[in-house]
Amino acid sequence: MNCENIAVMISAYIDGELPKIEEGYLFTHLGSCSECREEFKAQTSIQHEVKINQKEVSLNFEKKVFNSIMKSKKTTLRGWITRPTPAYVNYALGALIILILVISWLQVSSLRQDLNLFQKRYEASLMQMNYQASQMYQMMNSIPAVEIKQY
Ligand SMILES: [Zn+2]
């Protein structure tokens with residue numbers, strides 16, 4: 001049996017696909033051929049590392065899955081605690097603010113109207129007072145001069 005066949009047998013053995021009878025041949029050869037022994041060692045160590053990596057990968061994967069589950073649980077929990085205010089509340093608040101603004105604007109404008117009215121009334125009364133004053137002056141001027149007698 002040559003060494004090339006042994007290499008194939010080694011990989012078959014590692015994959016667990018080597019029949020028991022051929023296993024005997026393989027180990028007999030390995031006992032006498034140091035090159036194939038090295039090959040066997042190298043392949044088994046590779047296989048070992050592959051298995052370890054697979055294990056690590058699967059462990060990491062499990063960890064990731066676990067973490068993502070925990071995260072989603074946490075976020076749902078947090079979502080319940082700091083639940084965003086429902087849209088209708090925001091709409092109601094917005095409507096309330098707009099209502100308050102409108103009311104205050106109306107109040108200001110009505111106040112302004114009152115001020116205008118007051119100003120107009122004030123001006124009217126001022127004009128009236130001026131008119132009355134001028135009438136009084138006219139009346140007083142029309143009165144004949146009063147002589148002040150000296151005793
Ligand atoms: Zn050999």
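Thr44 and Ile14 get closest at one heavy-atom pair: N-CD1, 3.7 Å. Residues Ala42 and Ser45 share a closest heavy-atom pair of O-OG, 2.8 Å. Nearest heavy atoms, Met9 versus Glu22: CE-O, 3.0 Å. Contact between Gly31 and Arg37 at its shortest, heavy atoms only, is O-NH1, 3.1 Å. Looking at every heavy atom in both residues, Thr28 comes nearest to Gly24 through OG1-O, 2.5 Å.
In this structure, CG in Asn5 is found 11.0 Å from CG in Leu26, a value given to the nearest 0.5 Å. Lys41 NZ to Ile10 CD1: the interatomic distance, rounded to the nearest 0.5 Å, is 12.0 Å. The distance from atom CG of Asp114 to atom CD of Gln107, rounded to the nearest 0.5 Å, is 11.0 Å. For the atom pair Tyr137 OH and Ser142 OG, the distance stands at 14.5 Å (nearest 0.5 Å). To the nearest 0.5 Å, atoms CG (Leu111) and CG (Asn116) are separated by 10.0 Å. One distance of note links OG of Ser134 with CG of Asn141; it measures 11.0 Å at 0.5 Å rounding.
Ring geometry for Tyr13 versus Phe40: interplanar angle of 30 to 60°, hence tilted.
Hydrophobic clustering (ILVMFWY, side-chain heavy atoms < 4.5 Å, transitive): Tyr88 and Leu93 are in one cluster. Follow the hydrophobic side-chain contacts under 4.5 Å out from Val102 and you reach Trp105 in the same cluster. In the hydrophobic clustering of ILVMFWY residues, with side-chain heavy atoms under 4.5 Å counting as a link, Ile6 and Val8 come out apart. Neither Tyr131 nor Tyr122 shares a network with the other; the hydrophobic side chains, linked directly or stepwise wherever heavy atoms of I, L, V, M, F, W or Y lie under 4.5 Å apart, form separate groups for each.
Defined by atom type and a distance below 3.5 Å, a donor-acceptor pair is present between the side-chain atoms of Glu39 and Gln43.
The local environment of CD in Glu35 is sparse, with at most 12 non-hydrogen atoms from other residues, nucleotides or ligands closer than 6.0 Å. Residue-environment remark: CD1 (Ile21) stays at or below the threshold of 12 foreign heavy atoms within 6.0 Å. Within 6.0 Å of the CD atom in Glu4, the count of heavy atoms belonging to other residues, nucleotides or ligands does not exceed 12.
The existence of a salt bridge linking Glu123 and Lys120 is excluded, since no basic side-chain nitrogen approaches an acidic carboxylate oxygen closer than 4.0 Å.
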